[in-house]
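Before any comments, here is the structure.
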Amino acid sequence: MTDRTSLPHGADAVPARSWWGWGDPGQALPDAECAELAALVPGAAGTALPVPSLASLELPPVRVSAPRTLAHLVSGAPAARAGHTYGKAFRDVVRALRGDLAAAPDLVAFPREERDVVDLLDWASGADVAVIPYGAGSSVVGGVEYRAGSHSGVLSMDLSGMGRVLEIDRVSRSARIQAGALGPGLEAQLRPHGLTLRHFPQSFAFSTLGGWLATRAGGHYATLHTHIDDLTAALRVVTPAGVSESLRLPGSGAGPSPDRLFLGSEGTLGIITEAWMRLQDRPVHKASASVVFDRFAAAVDAVRAIAQSGLHPANCRLLDPGEAALSGVAGGGGSVLVLGVESAHHPVDGRLAELVALARDHGGSPTAGAPAAGGSAADTWRSAFLRMPYIRDGLARMSVISETFETACTWDRFPELYEAVHRDVGAAVRAATGAEPIVNCRFTHVYPDGPAPYFTVIAPGRRGSEVAMWDTVKAAAMRTLGEHRATVTHHHAVGRDHRPGYDRQRPEPFALALRAAKQALDPAGILNPGVLFDPAG
């Protein structure tokens with residue numbers, strides 16, 4: 001018996017996106033609110049950088065033209081080129097605000113089906129045109145910016161026109177989905193079937209399935225199903241050497257996994273066009289609670305006990321005192337643990353009670369409100385979490401340096417890493433800016449063997465030197481993570497900004513294998529050059 005549905009043709013509606021900053025342009029902070037934020041950072045600039053109009057931008061001349069047979073798929077319009085120049089890292093936002101679009105692609109392609117992708121790659125390979133795969137441009141690591149400098153032209157390939165759920169297998173709880181599907185559109189197509197992918201990164205509304213797969217993105221779950229890898233059943237990838245399609249299987253021991261080759265490959269080995277994804281029934285039972293700790297070390301011990309308990313909370317976010325205060329969740333120097341549980345089939349109040357009891361055993365105090373009903377801290381944190389990218393843009397307009405970096409390490413190494421980030425990265429910020437930084441930390445995901453800490457660094461910058469200062473902070477963060485055997489990235493990807501740290505972390509034999517795969521799959525070297533590795537070494 002099968003219950004497989006082929007869905008009708010129809011692409012997602014693509015929401016309006018800011019060409020210079022994060023997300024919905026209507027949500028960008030006005031000048032007055034930018035100034036209010038900056039007042040909280042002593043030494044910040046007094047006026048906001050203006051947002052340039054598209055009409056005022058000076059773009060480099062277009063160097064290439066697509067053949068007549070592909071002309072209907074590409075655009076050289078200034079708005080398209082400007083919006084596809086950068087991702088959304090701090091240095092990207094500042095350069096866009098300065099009107100620096102020297103890295104703008106020559107053309108932007110909007111394929112509607114896989115055949116278009118094949119044809120575009122065939123042309124680009126022969127014409128020495130670099131191709132930068134582009135989902136929705138939310139990269140914060142330089143993943144969609146061309147920096148190689150030697151190709152005849154640059155084509156940004158925007159997959160957002162390929163956003164359909166093509167087929168659903170209800171019996172196996174899986175779906176075949178095009179890579180350009182944005183988070184909200186993907187979930188909207190699954191909802192009538194009572195299913196969900198249940199992958200909700202902070203960029204959910206402004207990122208695509210293909211982007212999640214190519215960067216090994218982390219999602220909603222703090223435990224168990226933490227990465228998109230866990231939800232991937234099979235991939236279909238277009239490379240200049242041909243199309244790779246893996247079998248959809250619940251598991252396999254047949255040699256190295258072809259899917260693992262392309263998961264996290266960041267568009268340098270091929271362009272993911274479709275994937276079979278493992279789905280879940282939509283949760284109907286939910287409960288949340290928040291717990292306050294006087295001592296951060298005790299809170300860390302509580303989270304470790306929870307991660308090793310086998311209770312698998314969906315949410316297990318620990319905010320250190322600075323992060324709790326910044327998010328408006330708590331003040332007075334306390335750390336806050338936000339817990340959430342959910343199920344499609346069973347009540348969850350008992351499981352939440354067990355989690356709260358573990359936290360209480362380590363010195364935590366549940367906040368007001370019954371655990372099953374949830375506390376206001378969880379809602380406050382969620383609102384701050386979704387608003388934070390817009391706040392970062394507002395701070396950037398006030399020349400306030402704002403850097404976030406995430407990592408993962410084993411539990412035994414975390415206390416030393418936490419102290420080192422405050423000491424060493426803090427020292428680098430003081431040297432670069434002459435000011436005392438804000439350095440905060442939260443856990444985004446936790447595992448039985450270690451946490452995934454996410455650090456935020458904020459300090460006033462000098463107008464005109466923001467990018468150089470940010471680069472200094474980034475370099476210090478990469479050094480500190482490497483010295484303490486923590487990963488260069490847990491879920492933001494490598495891109496170009498994390499390359500120095502990744503080059504040190506990656507085993508050299510594996511680098512040789514990656515370069516060999518690149519040469520075999522992309523012999524002309526056109527696919528996203530400069531991410532992960534340099535082909536020649």
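Because the structure is a prediction, the values reported are computed rather than measured. Basis for what follows: all heavy atoms, side chains included, without hydrogens, waters or symmetry-related copies.
Salt-bridge check for Arg248 with Asp169: passed, with a basic side-chain N closer than 4.0 Å to an acidic carboxylate O. Ionic pairing of Arg198 and Glu342 is present here: one or more N-O contacts between side-chain nitrogen and carboxylate oxygen are shorter than 4.0 angstrom.
Within the 4.5 Å cutoff, the side chain of Glu406 has heavy atoms near those of the Thr489 side chain.
A cation-pi arrangement is not found for Arg91 relative to Trp470, the charged atom failing to lie both closer than 6.0 Å to the ring centre and inside a 45° cone about the ring normal.
For Pro25 against Arg17, the heavy-atom pair with the smallest separation is CD-C, 3.8 Å. In terms of heavy atoms, Leu337 sits closest to Cys316 at CD1-SG, 4.0 Å. Considering every non-hydrogen atom in both Trp411 and Gly450, the closest pair reads NE1-N, 3.0 Å.
To the nearest 0.5 Å, atoms CD (Glu113) and CD (Gln178) are separated by 9.0 Å. In this structure, CG on Leu269 lies 7.5 Å from CG on Leu532, to the nearest 0.5 angstrom.
Phe455 and Phe405 have parallel rings, their planes meeting at less than 30° on a 0 to 90° scale where 60° marks the start of perpendicular.
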Worked check of side-chain contact (heavy atoms from CB on, under 4.5 Å) between Glu114 and Val243 = CA-CA 10 Å; Glu114 187 178 278; Val243 177; 4.3 Å; yes
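Glu145 pairs by the salt bridge (charged side-chain N to carboxylate O under 4.0 Å, His left out) definition with Arg95, Arg147, not counting sequence neighbours.
The six-membered or imidazole ring of His312 lies away from that of His225, with a centre-to-centre distance of 6.0 Å or more.
Looking at His484, its side chain never comes within 3.5 Å of a backbone N or O of Arg479 through a donor-acceptor pair.
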